[in-house]
Each structure stands twice: as C-alpha cells, then as structure tokens.
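Below is one structure; the comments refer to it alone.
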Amino acid sequence: FTMDDGLSKAVREVFVRLHEEGLIYRGERLINWCPRCLTALSDIEVEHEETKGKLYHIRYPLADDPSTSLIVATTRPETMLGDTAVAVHPDDPRYRHLIGKKVHLPLTTREIPIVGDPILVDREFGTGAVKITPAHDFNDFEAGERHHLPRLAILDAHARLDPEGLQKAAVESTVRESVQGLPVSKARPKIEEQLQARELLVKVEDHKMALGKCYRCKTVVEPYLSPQWFVNIQPLADPAVKAVEDGRIRIIPESWTNNYLGWMRDIKDWCISRQIWWGHRIPAWYCRQCNEDSTIQTAPTTGTKRSYSFSAKATPIVALRAPTHCPDCGQHDFLQESDVLDTWFSSALWPFSTLGWPDQTSELKKFYPTSTLVTGLDILFFWVARMIMMGLKFMGDVPFRDVYIHALVRDAEGQKMSKSKGNVIDPLSIMGDYGTDALRFTLASMASPGRDIKLAEERIEGYRNFANKIWNAARFILMYAEGIREHVEIGDRSFADRWMFSRLNRTIQDTTTALEQYRFDHAAGYLYQFIWHEYCDWYLELVKPALQDKASTEARRTRATLIQSFEITLRLLHPFMPFLTEEISQALPHESTQDSIMIRPFPTRQSAWEAKDIEEQFAALERFVTMARAGRALLAYPPGARLNVFAAAKGPDERMSLEKLHRHLEQLSRASVHIADQATWPSQKVLRLVAEGLTIGIGVEGDVDLQKVLDRIVKQAAEAMKEVKRLEGKLANVEFVAKAPADVVAEHRQRIATLTHEQSMLASSEQQLRSML
RNA sequence: GGGCGGAUAGCUCAGUUGGGAGAGCGCUGCCCUUACAAGGCAGAGGUCACAGGUUCAAUCCCUGUUCCGCCUACCA
C-alpha cells in the first residue's frame, strides 16, 4: 500500500486518534519473540507443542543463614542468573517468617529478596517457593511490577547469553565465561553442571510442558524484553463485551458466545508492533537530535531488517504526516519508526476502512453495519473481536449483527489444514475433478453447527452426480420445451403438476427457514431430496406420457409447468450451485429482458400451491407402485414383461384416488391394473403382497421361483410378529397406559391393528403359496 | 490443568418439546426402459462407545469411565 492508499489512510487515522486518547502507548514489555526471525509475534503466530522437559529443583541458601535454604523448581535453570527475587505464599506457615529476608543467588554475587505473592505462588505446587525472573517470563514480569523488582535481561535478541547482561546481573566470572555467547540449549547443561558441582541441585525430574514455537520457522519463542507499541485494550473491550451480552451482536452457534465473553473479559493489552518489513509502518517519528542517546544501531544482518531502532526511552512524535520540525528543539532531522503494525490492526478496521472511512461515503452509509459476518472460529478473537472493538469505537455502532462461525475444514486425517504443515487440500484441484458447484454444495451440506468437516471425496463425488442429474433433467426439459405453452390456474392443472407444486412449495418453505437459521446443511438436504427424489424420480416420470402428443392440451400445459417449476427450482438452488443454475436458466426459454439468475428474486412460498389432498393421493400411488415393483423383482419378471396387478382399496376415498390415478399406476408399474375387492380376485395364481395397510395381488405366470417369495413373506411375517409383541408388551404395562400421553397410547394401538391386519394377510399369502409349491 | 465438542450402517455424516433408527458413498440382485450407467428399480447391513442413574419409556436427559479432536493456560 502506498501512503495515499485509502486503507493506509484509515490505519493512520485510527492510530493517531487512539494515541491522542492515550489508548496507544510505547513501552518496554515482555513480548513473544522469535530469536530467529527477530520479530515480535502475536498470539496467533505462536504454536504450542507438547514437549518433554525437565524440572530442576535448586537450592537457594539464605543470605544470613547459609545452613537454611529455599528450594525452588524451574524448567529453565539458565534464567536463574536473571532472578531478582524468590516468592512464597504470604499465608504459607512454612515460609511466612522468611518474607523480607534475602537469599544468596547461586552462581552470582547477588543477594535477592524473598517476597510474598499470593498471585504467583501456588502453595500446592512443587516446594511452594518460586524464583522470579522478570525479564524472561510473563508472570514473573507481572510479579516484578507488583514488587518493584529490577529487570535483568541476560539473553540477547538471538536468545544467546548476553555478556553485558551477565555482567550486570553480577554473575560470577567463571560462570560467565563458560556460558556467554551460548544459545539457551547449550548454556543449560553448563549451568546444570555448575550447580551439581556445588551440590545445589537437589533433584531433576521429567516434566511435560507446552513450548511455544514460531509458526514460520519453528524456533522456540522467547519472552523478550523490548520496546514495543501497545493498545490499552480494556476501554475498547468493555463495549465489545456489552454488545454481545445485550444481543446487539449474535454469535451463531450460540455455544461460542461464552468463549468470546471469557476471552474478552480477561483480555490483555495488545502488542501491535512488528519488526518485519511487510505491513503498515507505524506513523511515528523520532527527532534525531533529541533522541541521540536512544538510537540503537543494528547491523542489517539478514537484509530484511532496518538498520536502526529506538530504545524505550525515546520520545516519538505520532502524526498523520511526517513532522516538519521538532517541537522541542526545532530541528527537522527525523527518523520514522521502523516497526510496522500487526496485520490484525488494519484487519480490525475492515468493516469501515474498505467503505472509504474516514470519509463519509455513500457506501459507508449503506453498508455499515452489515448483516452477517461469516468466519472461522480460529480468528474469532484475532479478527472478529477486534472488528467489534474498532467498529464500536470509531463508528459508534456494531460492524455486523450476526457472526456465523462456520466449521473448519480438515484434511482426511482430521488435521487442521495449514500452509506451513503442507496438508492443504487444494480447492482448485477438487473443483477440477468434481466441479465448483459440487464442492460448494458439499461444504454446505456438511456445515452442521459445532462440528468440523473432514473433507471426504465420496461426498463430493455424490454431489457431482447430483449436479449431473440436474444437467440431465435440464436436457430432458429442453427436449420437450419446443411448442406452444399454455398457462392455467393452479387449480386446473394436472394431478402431477399440482403434486409437484405442493412439494416445491414445501421445499421453498423448508429451505428458507433453514437458511434463516443458518442451517445450510438442512437447506442442502431439502433441495437434494426434492430435486432428485421428487422432481426427477416421480414428477418427470409422471409427465412423460402427457408430453408425447406434442399438440395436446395436456402437453401445452405441462410444458408451461415444466419450465416454470424448473426455473423456480433453479433460483432456489442458485445460492448452492451458482454456475450450473445460471447456465441452465439461460438455456431455458425466457424473455430477452430477463436478468441473470443471481439477481432474480429468491422464490417465496405460494399458499395456493399447497394441496394436502393431492399429496395424500400421491402417497397411495407411491405405495402401490413401489409394491408392484418389489413384486416384480421378487418374482424375477423382466422389466419389459407386462404384469397383471390387482389392488384393493382400504376405503371409498382410496378407491377413488386409485381409480383417478389408474393411468399413472399402469404407466409407472408397467402393468395392467385392476382395482377391485379382494373377494373378486382370481383365487389361483395371484401372489398377495402387503405393506402399510395396502394389499396388492400380482398375477403369477410362467416359471417363477416361489420359494424365494415364500422366504420373503415368512421373514416379513416374523418381523411383524416381533413388532406386535413389542407393542403389546408396552400396552400390557399399566404404568405405560396410565402415564404416557393418550395420543401415544392410541398410536400404539393403531399400529398393532395395522400390523395385525398385515399379519393375517401375510398368513393367507403364505398358505396360498405353500399350496402352489 | 481448565473449557468445549465428538463416538450412530463397511466409510463420511444427519438425527430435540424422550415414544416405530436415516442419507450419500460402498455392497448384493435385476436392468444400457428414447433426460441421465456419474443412471433406474429392488434389497442386505446398526446391542446408537462402555457402565450406572432418572423415567411408564433413553441414541436423546443426568453421573462416571475409555478413546479421539479442538480451544485455552505460567502450574514454576
């Protein structure tokens, strides 16, 4: 970014304003530091790794009574050279009386105080005494502040023992000479040896701990004392906590809310400076005249580091532009701060900086705040929380209403994908193999809340097939689209059309509701089910005969319905499969003025389409057809052979439905269908099949394997028997009948009745079959 | 250490006012039936991790255990 770039302008504006309010300060603090990259690291840049280490128990003799000593435990014996105190718990009867006395710090000529600190010390852990090294440990730094202890840095920026620091820390010269210039890993055994030789090392035990490592180079990070820039975060965090507490911002799924609140309430000042090249350079300048003593020359060792920096004592001038002269000395020789900003500092401004802020643009008015932010959990704190804080601070309003936390996509082993780990699944390659829409649909369908996604190729392949299915349906429709189309009122449409519209209506409603609840998985499921298993499997099959005679009224009307319904379906599917739906919708017959599908309205529910009675009739048809097909498979009739199928309706309503749908029944079951009472069926050569209250008979012709059929019927009867026994068992329980809701009990009775009827039918089929064998 | 999530068909995963266990892929059988074999039709397959508890009734609620994963933390 150039300095005139809008984003940079916003960053500088924010930096300067925060600084003016005292919310940005510069100071010497401990930060996570990579001794190899020579830069500060933010929390997100540090990876923690379980490591086997050692716990060293070291004896610190009392200064005025060397026969008595405190034993402290540490995982980092080399840092003891920088100790400036030993802490015990003020209420600990073992040590209480020692507070205020001094111990002699081994390997040095220093004496350091014993302090009481209830925060740092856990009485139960180790010996109950702990060393304080403010320059090399975060907690010790805090403890050092509480007790006004000096900070003795004994490591340099490369995490080597620093000769000057060792000198200042009054380390014995022999010790000093043996360790100076050594990296931590080499110095540690030397220190261990020295302590051993003086019999001050009480014991060494194995110890598990989590070591922080630089995300880039895997070097163990060091808490490092250096001048850095910070944001005083509490004044920004408080409003951001409130915004979520009072519901102005909703986190979805809700379970992450506590995570957010917990983190925000316990937030620490934000180190925003980085010692790297790439980034927004901090808008601060130092007068060379006034800060001569604070200038630190550093050799450009790697070629990526600037050659100077300033100590914590230096006085910066923070401004939007380079100052023309120094307000103190009037000189005009400046060096700009060499540090750049943490990348999340500018990211935090994204919701408004991208809209032109600090200018009051029309985009800013229109799009701030936005409705939903979709993001991954891993940056909830680093990005989302900071956008909320900065948005509230500079815009006076939340940057978004809903935060949708989506799942993390992991690799096949369930590992988190990361650039540095190299286990990234390349979306471009997946898209090449299966298509962009298939990948998108897969991710939507697997986006169940609170659960991560292990990307499974089989699922993607399945949705690739789904896309293919839609292509083929489109081909079918285009094939029959030619010709006059006649639009009629919904009530006058055919059975198939009315059923399909009723189902489409339901699908629109379900999909919309699911989207409103951020249940993309449910929405994808509804669409898949409707398009494949209702629209393609049943509707398109049902209308085929009508389309055959192209000139007929029925064909004219069906063509209109086909195109209308498919176009609506495509719009409904468009957010999930944008490319395919656009392509097909352009191919369908349409007005030349019609917009791209992406800006057409999303379908809405039409109550006129709802047809419960039609759906019930369809259910009867589906039961019949499925059973006829099963019978065909059971009797191993070839698909081409025409069957004779008898159907007995349960009542007059069903009989009417079946008669009305007679043509469809014959078409879909490829059979001659006879609707008649069972009593009138031929007594011989008819196989009876029963399921869900419907009984059909299939004419038995030719040489068929009746044994297979018998096995099936016996098995089905056994299953029915088992279920009846289970239900009767429950009904026999007086407590069940007394305490269960009446409708549940009634339902149980109803199920028994149905099953019993089924059983008797099966028994008669069985008897009949045995006689035929 | 603390917190959170997961364990359901061979695999990847759905499944809430507790009451008959689902999908996709894979598998078996039949079928290239003029949209589609990346397909159609029909099937097989599950003591819902384990042990207790609450309840008339538990995949679902509670407790504990085992295993896996994530976040977080200074246990020196």
Side-chain angles (χ1 to χ4, degrees), chain A residues 43 48 55-57 72-76 87 119-122 124-133 137-140 142-143 207 209-210 223 255-256 258-259 262-263 266 377-378 380-381 408 410 412-416 434 438 442 445-446 448 450-480 521-522 525 528-529 532-533 536-537 540-541 544 548 625-627 629-634 636-640 670 712 723 726-727 730-731 733-741 743-745 747-748 751 755:
Chain A
D43 297 345
H48 290 269
L55 193 59
Y56 300 82
H57 295 251
V72 303
T74 179
T75 55
R76 304 200 55 189
I119 300 172
L120 183 68
V121 179
D122 174 359
E124 310 301 317
F125 187 85
T127 58
V130 56
K131 69 195 207 54
I132 299 181
T133 321
D137 182 280
F138 290 102
N139 292 296
D140 291 8
E142 302 287 330
H207 185 68
M209 55 188 180
S255 51
W256 297 121
N258 282 338
N259 238 344
W263 189 78
D266 187 32
L377 178 70
D378 46 346
L380 179 63
F381 306 134
L408 227 50
R410 301 175 180 280
E413 280 81 45
Q415 298 276 312
K416 181 172 164 179
Y434 300 104
T442 307
S445 75
M446 298 187 80
S448 301
R451 184 162 178 150
D452 285 343
I453 295 174
K454 262 196 282 179
L455 202 53
E457 285 212 14
E458 310 87 68
R459 289 286 289 263
I460 306 173
E461 197 178 339
Y463 293 121
R464 185 271 314 265
N465 295 350
F466 178 52
N468 193 50
K469 185 79 181 175
I470 296 167
W471 273 117
N472 284 310
R475 272 184 35 196
F476 171 83
I477 289 165
L478 288 172
M479 199 181 218
Y480 288 100
D521 56 332
H522 286 177
Y528 184 95
Q529 168 66 26
W532 197 318
H533 297 303
C536 291
D537 284 353
L540 293 183
E541 292 304 322
K544 272 177 184 176
Q548 292 306 323
V625 171
T626 302
M627 222 190 306
R629 285 169 176 168
R632 181 190 290 276
L634 204 54
Y637 283 132
R670 294 168 182 276
R712 152 87 179 232
E723 180 65 4
R726 193 184 71 84
L727 293 170
K730 283 180 83 172
L731 284 168
N733 183 342
V734 288
E735 285 197 285
F736 170 71
V737 179
K739 292 184 181 170
D743 56 332
V744 172
V745 176
E747 198 202 342
H748 276 61
R751 259 153 51 195
L755 284 166

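All chains are named by letter (A, B, ...) in the order of the sequence lines, taking the proteins before the strands, and each is independently numbered beginning at 1.
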Dot-bracket for RNA chain B, 5' to 3', with Watson-Crick and G-U pairs under 3.5 Å, [ ] for crossing pairs and | for other-strand pairs: what is it?
(((((((..((((.....[..)))).(((((.......))))).....(((((..]....))))))))))))....
Under 6.0 Å between ring centres, would you say that holds for A/Y463 and A/Y434?
no
Using atom P of each nucleotide, how far apart are B/C50 and B/U8 to the nearest Å?
10 Å
How far does the P atom of B/U59 sit from the matching atom of B/A7, given to the nearest Å?
15 Å
Can you tell which of B/G20, B/G40, B/A76 lies closest to the side chain of A/R726?
B/G20
Check: A/R464 side chain, B/A38 base, donor-acceptor under 3.5 Å:
yes
Return whichever of A/D521 or A/A129 has its heavy-atom-nearest nucleotide of RNA chain B closer to the 5' end.
A/D521
The side chain of A/R459 is closest to which nucleotide in this list: B/C56, B/G19, B/G24?
B/G24
With sugar-phosphate taken as primed atoms, P, OP1 and OP2 and all else as base, the protein-contact string of nucleotides 2-8 of chain B at under 4.0 Å (heavy atoms; B, S, -) is ---SSS-
Given the P atoms of B/C61 and B/C4, what is the spacing between them in whole Å?
15 Å
Would you say A/R76's side chain and A/D137's backbone share a donor-acceptor pair under 3.5 angstrom?
no
By side-chain hydrogen bond (donor to acceptor under 3.5 Å, both in side chains), A/T442 pairs with (sequence neighbours left out) none
With the side chain of A/K454 defined as its heavy atoms from C-beta on, choose the nearest nucleotide among B/C74, B/A76, B/C13.
B/C13
Residue A/N468, side-chain heavy atoms: nucleotide from B/C41, B/C75, B/C36 that is nearest
B/C36
Which nucleotide in the list B/U12, B/A76, B/A35 gets nearest to the side chain of A/V130?
B/A76
In whole Å, what separates the C1' atom of B/G45 from that of B/U33?
29 Å
Check every atom of B/A42, B/U12, B/G43 against the side chain of A/M446 and return the nucleotide holding the closest atom.
B/U12
Can you figure out which of B/C13, B/G19, B/G20 approaches the side chain of A/V744 most closely?
B/G19
In terms of side-chain heavy atoms of A/K544, which of B/A35, B/C75, B/A42 is nearest?
B/A35
Ignoring the backbone of A/P741, work out which of B/U33, B/G19, B/C75 is nearest its side chain.
B/G19
Identify whether any heavy atom of A/N258 sits under 4.0 Å from a base atom; if not, whether one sits that close to sugar-phosphate; answer base, sugar-phosphate or nothing.
nothing
